[in-house]
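Numbers restart at 1 for each chain; the letters A, B, ... are given by sequence-line order, proteins then strands.
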Amino acid sequence: AQSVSQHNHHVILSEAASLELGCNYSYGGTVNLFWYVQYPGQHLQLLLKYFSGDPLVKGIKGFEAEFIKSKFSFNLRKPSVQWSDTAEYFCAVRLNQAGTALIFGKGTTLSVSS
Amino acid sequence: DGGITQSPKYLFRKEGQNVTLSCEQNLNHDAMYWYRQDPGQGLRLIYYSQIVNDFQKGDIAEGYSVSREKKESFPLTVTSAQKNPTAFYLCASSIDRGYHEQYFGPGTRLTVT
């Protein structure tokens with residue numbers, strides 16, 4: 001069965017540190033890729049997405065992610081985190097077949113200290 | 001404002017009782033989804049519906065049932081057959097069955113004792 005792996009369960013950083021959250025998926029075909037974020041007490045919201053084209057995608061709040069097809073990866077990055085980035089981050093994959101739902105990773109909790 | 005509404009935010013039930021969670025959207029989306037979120041488990045798909053009067057089981061459908069009689073509504077019933085019903089339940093929608101992102105509601109936290 002297809003799966004999504006997020007390697008870090010909990011990441012703790014100081015403000016201004018750089019962030020990289022890993023995401024790998026197991027599916028050999030074409031995929032759509034997403035990063036969602038869940039701030040404390042808020043809705044799950046989309047950070048960025050990749051459907052096709054430039055493998056480096058930019059999202060909201062200074063986040064970016066790079067799709068590396070050969071590594072089945074879609075890592076999330078931010079050069080300098082802020083306290084307000086404290087949240088849970090989910091990587092999700094959608095198989096490129098019409099009608100299929102998202103497959104989510106287990107999430108990474110990011111704690112940023114000021 | 002367009003969006004997804006889930007009510008109530010917190011729900012408490014006794015073991016052995018069925019309970020129905022509400023999900024309404026005014027985004028005119030065709031597809032709707034139910035996920036369950038448990039700590040350290042991520043989101044797991046319970047059921048999804050791509051059009052009215054049609055729905056498919058997700059990865060963890062046992063003990064749950066749904067209906068899709070109207071485009072804007074996709075209620076989820078947690079039955080007494082669900083062994084571990086206490087969880088955070090999220091409803092989502094997307095434009096259609098094609099290649100679009102999903103939009104999420106605020107969730108309902110169900111506690112069964």
Side-chain angles (χ1 to χ4, degrees), chain A residues 1-11 21-26 29-53 57 59-60 65 74 87-109, chain B residues 1-7 9-10 23 25 27 29-51 54-61 66 68 74 76 87-109:
Chain A
Q2 290 76 29
S3 65
V4 178
S5 296
Q6 292 184 240
H7 315 299
N8 313 101
H9 178 61
H10 192 183
V11 173
L21 301 182
C23 174
N24 286 88
Y25 61 93
S26 62
T30 306
V31 294
N32 306 141
L33 298 157
F34 306 83
W35 276 98
Y36 281 86
V37 61
Q38 192 172 34
Y39 297 104
Q42 294 190 26
H43 295 205
L44 203 67
Q45 55 185 282
L46 183 69
L47 260 184
L48 47 78
K49 62 187 179 186
Y50 172 80
F51 280 15
S52 64
V57 292
I60 61 171
F74 190 55
E88 190 158 17
Y89 293 80
F90 294 94
C91 180
V93 171
R94 187 181 185 287
L95 309 184
N96 200 5
Q97 304 163 18
T100 58
L102 293 178
I103 303 167
F104 281 84
K106 293 186 176 183
T108 298
T109 301
Chain B
D1 281 336
I4 301 173
T5 304
Q6 290 186 246
S7 60
K9 189 172 181 179
Y10 299 96
C23 178
Q25 54 99 357
L27 300 167
H29 286 175
D30 282 332
M32 296 186 74
Y33 310 82
W34 274 105
Y35 294 90
R36 171 182 170 136
Q37 185 179 9
D38 297 284
Q41 296 288 323
L43 277 72
R44 292 181 290 168
L45 182 67
I46 304 172
Y47 268 98
Y48 64 105
S49 167
Q50 296 171 62
I51 53 172
D54 183 60
F55 46 83
Q56 288 80 43
K57 292 182 179 180
D59 300 322
I60 55 166
V66 293
R68 186 88 188 276
F74 190 41
L76 172 75
F88 189 52
Y89 291 89
L90 285 166
C91 179
S93 70
S94 62
I95 293 174
D96 56 31
R97 58 184 287 169
Y99 312 125
H100 304 285
E101 65 263 33
Q102 294 178 15
Y103 297 83
F104 285 82
T108 292
R109 187 165 298 280

Candidates B:Tyr48, B:Tyr33, B:Tyr35 - the one meeting side chain to side chain contact (heavy atoms under 4.5 Å, CB included) with A:Leu102: B:Tyr35
Nearest atoms (heavy-atom pairs only) where B:Leu43 meets A:Phe104: O-CB, 3.6 Å
Contact origin within A:Leu44 toward chain B - heavy atom pairs under 4.5 Å: both
Contacts of B:His29 that satisfy side chain to side chain donor-acceptor pair (under 3.5 Å) - sequence neighbours left out: B:Ser93
Best-contacting candidate, A:His9, A:Gln6, A:Gln38, A:Glu88, against chain B by heavy atom pairs under 4.5 angstrom: A:Gln38
Sequence neighbours excluded - salt bridge (Lys or Arg N to Asp or Glu O under 4.0 Å) pairs with any residue from residues 32-49 of chain A: A:Lys49-B:Glu101
Donor-acceptor contact below 3.5 Å, side chain A:Tyr36 vs main chain B:Gln102: yes
Approximate separation, where rounding is to 0.5 Å, of B:Leu45 CG and A:Ile103 CD1: 9.5 Å
Chain A contact via B:Tyr47 - side chain, backbone, both or neither, heavy atoms under 4.5 Å: neither
